[in-house]
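What follows is one structure encoded as structure tokens, with my remarks underneath.
Throughout, residue positions are numbered sequentially from 1 according to the sequence presented.
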Amino acid sequence: MTRLAWFAAVSCLVLAAACSKQQAPPPDNAATTTPATSVTTAPTPKPATAPAAAAAAPAEVVNAGEDLETVDADAAPATAESPLLTAALAATPPASVPGSWKENENYMRLVPTQPTVGNLKSGRVEVVEVFWYGCSHCYALDRYVESWRQKNKPAYVDFVRVPAMWNEGVKLHGQLYYTVEALGKLEAMHSAIFNEIQENHDPLIGGDPVETGKLQAAFAGKFGVSGDDYLKAYNSFGVDQKLRRAEQLNRAYMVTSVPTFVVNGKYWTDVGHAGGENKLFALLNDLAAMEKAGR
């Protein structure tokens with residue numbers, strides 16, 4: 001299967017509201033896995049004891065006192081019926097959030113609170129978007145995310161993106177993201193990468209990581225990045241460490257579909273639970289305000 005044929009097959013599956021975690025089919029090169037996506041309908045908000053109430057169950061939960069760096073990727077998955085997950089999410093009574101938002105309906109509380117991506121300064125609140133460049137729903141939402149980030153995000157909010165890390169193919173898009181970030185080219189290239197993949201149907205992934213690096217380097221060349229500089233960053237220790245950290249955060253935040261949003265490592269939501277794109281950003285602002293107030 002050619003790269004274009006692979007991407008066309010993937011695109012045909014994008015028919016509902018969120019790109020969800022699923023095993024990818026084998027590529028031409030049997031040693032490598034390329035990404036595929038299954039799409040689920042938008043979650044219907046309803047009272048629940050876990051984020052899994054409207055989507056697939058999260059891969060695992062980090063226990064209280066457990067170091068994020070030691071999370072076992074092979075541990076038995078937590079399910080919606082898991083006593084551990086149910087008890088964790090039900091342990092804390094619902095908080096009062098400005099507006100008409102309801103815990104376990106519009107947003108879920110992660111218990112225990114998980115680490116943030118950055119080291120937050122006093123008075124700062126972090127909002128994370130977990131996304132995938134191969135997800136058409138992330139692409140459709142991205143212009144609204146960018147508008148909120150640039151114009152309507154509270155001044156005390158630090159916005160961070162974390163790539164999905166479900167399989168080797170999806171991870172290669174994560175490697176693209178962190179490579180471009182390391183080169184200081186995110187502002188110039190982020191939207192262009194989405195456009196190249198979603199509109200031009202170029203997945204920017206080859207048959208293996210080496211070919212992928214070369215394809216991505218050629219694309220980055222359009223933005224003034226030399227091939228040598230791109231490949232040096234692509235293969236760097238710093239990018240590798242960020243990919244490992246992203247895997248840990250995907251598990252800690254119980255990510256099963258994208259786009260997913262997490263506020264201060266404590267509150268989990270998405271477009272479906274918020275009630276639509278317009279309500280999503282109001283909810284994020286209100287959750288951030290609640291964290292800012294220390295409630």
Side-chain angles (χ1 to χ4, degrees), residues 3-4 6-8 10-11 13-14 17-19 34-35 37 39 117-118 126-155 157-166 169-206 212-227 229-231 233-234 239 242-243 246 249-250 255 257-262 270-271 274 276-278 280-281 284-285:
R3 293 190 303 122
L4 184 57
W6 164 81
F7 193 81
V10 169
S11 299
L13 295 174
V14 180
C19 299
T34 51
T37 181
V39 179
V117 179
E126 182 180 88
V127 174
V128 170
E129 179 197 16
V130 184
F131 80 106
W132 173 35
Y133 281 127
C135 170
S136 66
H137 309 291
C138 297
Y139 174 55
L141 186 66
D142 193 64
R143 60 177 177 144
Y144 299 105
V145 173
E146 284 295 288
S147 177
W148 172 78
R149 179 180 73 88
Q150 296 175 26
K151 301 175 183 178
N152 301 316
K153 175 180 68 65
V157 166
D158 294 335
F159 175 68
V160 183
R161 287 185 174 94
V162 172
M165 303 292 287
W166 296 332
V170 174
K171 289 176 185 177
L172 289 172
H173 279 161
Q175 193 166 357
L176 167 62
Y177 175 80
Y178 284 128
T179 300
V180 170
E181 180 186 59
L183 293 166
K185 291 288 187 176
L186 268 182
E187 287 293 331
M189 292 182 62
H190 174 72
S191 296
I193 292 169
F194 258 133
N195 189 75
E196 181 70 11
I197 293 172
Q198 297 294 331
E199 299 295 339
N200 297 336
H201 307 298
D202 175 6
L204 294 175
I205 292 179
T212 294
K214 293 177 180 178
L215 289 169
Q216 293 177 4
F219 177 73
K222 300 176 183 179
F223 299 87
V225 178
S226 73
D229 286 346
Y230 187 88
L231 293 175
Y234 177 83
V239 167
K242 289 213 167 186
L243 289 168
L249 290 167
N250 270 247
V255 176
S257 65
V258 290
T260 287
F261 294 82
V262 177
D270 59 20
V271 174
E277 294 168 351
N278 293 335
L280 172 66
F281 300 103
L284 292 175
N285 286 348

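Within a 6.0 Å radius of NZ in Lys214, no more than 12 heavy atoms belonging to other residues, nucleotides or ligands are found.
Phe159 has its side chain out of reach of Leu284: every pair of non-hydrogen atoms, C-beta onward, lies at least 4.5 Å apart. Using a 4.5 Å heavy-atom cutoff, the side chains of Tyr144 and Val271 are not in contact. The side-chain heavy atoms of Ile205 and Leu215, taken from C-beta on, include no pair separated by under 4.5 Å. Between Leu243 and Gln175 the shortest side-chain heavy-atom distance falls below 4.5 Å. Here the side chains of Leu172 and Tyr234 are in contact, with some heavy-atom distance below 4.5 Å. Residues Val162 and Tyr177 have side chains not in contact (no heavy-atom distance under 4.5 Å, counting atoms from C-beta outward). In this structure, the side chains of Arg161 and Val145 come closer than 4.5 Å at one or more pairs of heavy atoms.
Residues forming a side chain to side chain donor-acceptor pair (under 3.5 Å) with Asp158 (at least two apart in sequence, or on another chain): Arg124. With sequence neighbours excluded, no residue forms a salt bridge (charged side-chain N to carboxylate O under 4.0 Å, His left out) with Glu126. Not counting sequence neighbours, the partners of Ser226 by the side chain to side chain contact (heavy atoms under 4.5 Å, CB included) test are Asp228, Asp229. Taking Tyr139 as the reference, Phe194 meet the ring pair (Phe, Tyr, Trp, His ring centres under 6.0 Å) condition, with sequence neighbours excluded. With sequence neighbours excluded, the residues that form a side chain to side chain contact (heavy atoms under 4.5 Å, CB included) with Ala192 are Phe219, Phe223. Among residues two or more places apart in sequence or in another chain, the ring pair (Phe, Tyr, Trp, His ring centres under 6.0 Å) test is passed with Tyr178 by none. For Tyr230, the side chain to side chain donor-acceptor pair (under 3.5 Å) partners are Gln216, not counting sequence neighbours. Under the rule for a side chain to side chain donor-acceptor pair (under 3.5 Å), the partners of Arg149 that lie at least two apart in sequence or sit in another chain are Glu146, Glu187.
In this structure, Ser257 OG and Trp132 CH2 are separated by 12.5 Å, a value rounded to the nearest 0.5 Å. One finds the CD1 atom of Ile193 at 4.0 Å from the CG atom of Leu176 (value rounded to the nearest 0.5 Å). Rounded to the nearest 0.5 angstrom, Ser191 OG and Leu186 CG are separated by 10.0 Å.
Nearest heavy-atom pair, Thr212 versus Gly206, reported as atom, atom and distance to 0.1 Å: OG1-N, 2.8 Å. Residues Met165 and Pro163 approach most closely at CG-O, 3.4 Å, considering heavy atoms. Here the closest non-hydrogen pair linking Val130 and Val258 is O-CG1, 3.4 Å. Closest of all the heavy-atom pairs between Ala233 and Thr179 is CB-CG2, 3.8 Å. Considering all non-hydrogen atoms of both residues, Ala164 and Asn250 come closest at CA-OD1, 3.5 Å.
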Inset, instruction - Quick one: do Cys135 and Cys19 satisfy disulfide (SG to SG under 2.5 Å)? Show the steps, please. - result: CA-CA 6 Å; Cys135 170; Cys19 299; 2.2 Å; yes
Legend entry - Candidate pair Leu280 and Phe261, rule side chain to side chain contact (heavy atoms under 4.5 Å, CB included), full reasoning: CA-CA 9 Å; Leu280 172 66; Phe261 294 82; 3.6 Å; yes
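Ring-plane geometry between His173 and Tyr133 is classed as perpendicular, the angle between the planes exceeding 60 degrees on a 0 to 90 degree scale with a lower cut at 30.
Among residue pairs with one or both ends in residues 171-184, those qualifying as salt bridge (charged side-chain N to carboxylate O under 4.0 Å, His left out) are Glu168-Lys171, Lys171-Glu247, Glu181-Lys242; sequence neighbours excluded.
Ring centroid separation for the pair Phe131 and His137 does not come in under the 6.0 Å cut-off.
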